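In what follows, a structure is listed as structure tokens, so that the remarks can point back to it.
Both ligands and their constituent atoms are indexed starting at 1 by order of listing. All values derive from a computational prediction rather than experimental measurement.
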Amino acid sequence: MTDVASSLEALAKRLAAAVEAANDEQALEAARVRYLGRNGEVTAIRRSIGRLAPADRPGAGKTINDAVAAMERVLDERRAGLAARDVEAALAHRIDVTFPAQPPALGTIHPIRRVIDDACAYFERHGFAVVLGPEVEPDYYNFDALNIPPGHPAREGFDSFWIDDTLLLRPHTSPMQIRTMQMHKPPIAIVAPGRCYRRDAVDARHLFQFHQIEGLLVDRGIHFGHLKGMLTGLCRTLFGAYQEVRFRPSYFPFTEPSAEVDTTCPKCTGHASACSMCGGSGWIELGGAGMVHPNVLREVGYDADAVCGWAFGFGAERLALVRYDVDDIRRFVDSDPDFLEQLGTIS
Ligand code: DAH
């Protein structure tokens, strides 16, 4: 290596150390002046070229130019690094008042609440009143008054939480039929949403605490056609404009005749043989309904020859499973914020 090259190499090392140590723009500039300035160390080396043999001078000149370029790069890089550091530090201490604010975390309306609210709003638009009642009921309201006397096998169907010999957590909202009719003369037009309890093992289709929506219409000349019309309207409100409703013969002690109510599957509309919602049948069961049994009307003091009525009881979770295409009822009670935010609305 030539003398020029070796002294440049040593110089570049010292410059690199000085640059590394420079903690601000001034210190960096001082290092630059010392090594690359007009009276700096590189200039001294450049002058020494004059003492070389003429043939060696161009090579030495190029070596110096290359070394200077490399040293300038080192300086530039450090300068950029220091500038970025300064910007970052300045930003860290600055409040940008034009920056969009973090949106506050808002709750959403639970899907069960939405279904109940929408169903009640639909009935209210048709002149029904929304009534609420106790979740702890005497067996009289739960069973006896609904034409289910002690010893009636239908009592077994309601696997209830008993509090003592006569009090229980209501297993259905039907007691509200009796409470309403006892307090008011016909005509009656109510919906009664609320919590119910049954000793069911929890799985994808059952909860021991769930919700029902009860409906009751009593007046002169009420018939099954009114029921079908109202329930078809309800399904179209909740699930879509093309829903149909069908009745299948069934049995409940408090209605005669009684029916299971199905609606067309809103997911496949009856066209998918392997539909996850309806199993390919094209129909989905929503709950029970029927014409109020004359014994029930007589129990509350109504003239069963003069007035008649219909009633229905639907599971709110059932309606929500169908409406939101959810496959497991437990998702409604897991409190998973992602699930709730996805299905929820603010208002
Ligand atoms: N209470 C019934 C149950 O929980 C559902 C029901 C069926 C309610 C028929 C009614 C009705 O009002 O008319 O299984």
Mark up the atoms of ligand 1 that fall under 4.0 Å of a heavy atom belonging to [X], in ascending order.
| X | result |
| --- | --- |
| Ser174 | 1 (N), 8 (C) |
| Gln212 | 3 (C), 4 (O) |
| Gly290 | 13 (O) |
| Phe252 | 7 (C), 9 (C) |
| Gln177 | 12 (O) |

Which is it for [X] and ligand 1 at heavy atoms under 4.0 Å: side chain, backbone, both or neither?
| X | result |
| --- | --- |
| Glu260 | neither |
| Ala311 | both |
| Phe312 | backbone |

Check: Phe143 ring centre within less than 6.0 Å of His152 ring centre: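 No; His152 has its ring centre 6.0 Å or more from that of Phe143.
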
Please tell me whether Phe128 and Tyr122 form a close aromatic pair, meaning their ring centres lie under 6.0 Å apart.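 That pair fails the under 6.0 Å test.
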
Close approach of [X] to ligand 1, heavy atoms, under 4.0 angstrom:
| X | answer |
| --- | --- |
| Phe314 | no |
| Gly287 | no |
| Arg170 | no |

Distance only, no hydrogens: is a donor on one side chain within 3.5 Å (strictly under) of an acceptor on the other, for [X] and [Y]?
| X | Y | value |
| --- | --- | --- |
| Glu260 | Tyr251 | no |
| Thr264 | Glu244 | no |
| Gln182 | Tyr141 | yes |

Do the rings of Phe312 and Trp310 sit parallel, tilted or perpendicular, given the 30° and 60° boundaries?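 Plane angle between 30° and 60°, so tilted.
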
Selected option - heavy-atom contact closest to atom 13 (O) of ligand 1, from Thr255, Val296, Leu216: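 Residue with the shortest heavy-atom distance to the ligand atom: Thr255.
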
Of the choices Glu214, Met291, His293, Arg198, which has the non-hydrogen atom that lies closest to atom 3 (C) of ligand 1?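 When every heavy atom of Glu214, Met291, His293, Arg198 is considered, Arg198 comes closest to atom 3 (C) of ligand 1.
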
Any Lys/Arg nitrogen of Arg330 or Asp334 sitting under 4.0 Å from an Asp/Glu carboxylate oxygen of the other?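 No, this pair does not count.
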
Say you draw a straight line from [atom1] of [X] to [atom2] of [Y]; how long is it, rounded to the nearest 0.5 Å?
| X | Y | atom1 | atom2 | result |
| --- | --- | --- | --- | --- |
| Thr173 | Asn142 | OG1 | CG | 10.0 Å |
| Leu231 | Thr237 | CG | OG1 | 11.0 Å |
| Thr63 | Ile49 | OG1 | CD1 | 8.5 Å |

Checking a contact table here: which protein heavy atom is nearest atom 2 (C) of ligand 1, and how many Å away?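 Of every protein heavy atom, Phe254 CZ, 3.8 Å lies nearest to atom 2 (C) of ligand 1.
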
What protein heavy atom is closest to atom 8 (C) of ligand 1, reported as residue, atom name and distance in Å?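 Among all protein heavy atoms, the one nearest atom 8 (C) of ligand 1 is Gly313 N, 3.3 Å.
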
